[in-house]
Amino acid sequence: LKIDAAGREQWRSEIQTNLGRPVSFFHIALAPRTGDVYVSGTYDGQFPGKPAEATGTPFLAKFGSDGKRAWLEQSDKLGSRQGMVVDSSGNAYLLGRASVSTLDVTKVNPAGKVVWHSTGIPNDRGANQNIAVSPDGKGVYVGSTTVTKLNAKGGVVWTQKYDLTHETKIDPVEGVISKGSASPKT
């Protein structure tokens, strides 16, 4: 559902499976320049024109600024989503929990194809994870109290542990921002 600043409905679009069961959405992100809408989640059943998958299969869908679905992709690489962000070129970056101690990031281009899938990124157990991308798309930042910077190809540039508590946000321009308290490093 898209509404304008005055609260008027602009368009409404739904994602349905062959079983008519609800689709679980994890994240919705807006492409900054185009206004395209990206939706990630899981579903049971089968999407029209797609192969049947197991229960809880992850998906990523792109809707144009007019509400028409451009594409829908299914992949295990899109699973266990913790966050999603879209850069100014329309690339989606999906953050997932690979295991208790590691995260993964998948970059999907504007056409819906996986560009790269980076795994083994250190994870703060139980912490809320965040993802941010630099305005030029050349740096992807992942984490909470442990922050990892990935390069444009998904390779680890650096990982740094911070003594932070409470909610942490990552701003690719301003840096790590913590709502709460920070303990000095000793």
Salt bridge (Lys or Arg N to Asp or Glu O under 4.0 Å) pairs touching residues 31-40, sequence neighbours excluded, are D36-K62

Residue pairs passing the salt bridge (Lys or Arg N to Asp or Glu O under 4.0 Å) test with at least one member in residues 139-154, sequence neighbours excluded, are none

For [X], what residues pass the side-chain contact (heavy atoms from CB on, under 4.5 Å) criterion, not counting sequence neighbours?
{"X": "K107", "value": "N91, Y93, V115, W116"}
{"X": "P122", "value": "T146, T148, T159"}
{"X": "A5", "value": "none"}

Rounded to the nearest 0.5 angstrom, the CG-CD distance for D4 and Q10 is 4.5 Å

Practice item. Step by step, work out the side chain to side chain contact (heavy atoms under 4.5 Å, CB included) result for L150 and V156. Key: CA-CA 5 Å; L150 303 176; V156 173; 3.8 Å; yes

Is there a donor-acceptor pair closer than 3.5 Å between any side-chain N or O of S134 and the backbone N or O of G139?
-> yes

- Classify the ring geometry between W11 and F63 as parallel (under 30°), tilted (30 to 60°) or perpendicular (over 60°). parallel

Closest non-hydrogen contact found for P32 with V86 is CD-O, 3.8 Å

Of all heavy-atom pairs linking S89 and P110, the shortest is O-CG, 3.3 Å

Sorted by chain and number, sequence neighbours left out, side-chain hydrogen bond (donor to acceptor under 3.5 Å, both in side chains) with T119 holds for none

Residues passing the salt bridge (charged side-chain N to carboxylate O under 4.0 Å, His left out) test with K68, sequence neighbours excluded, are none

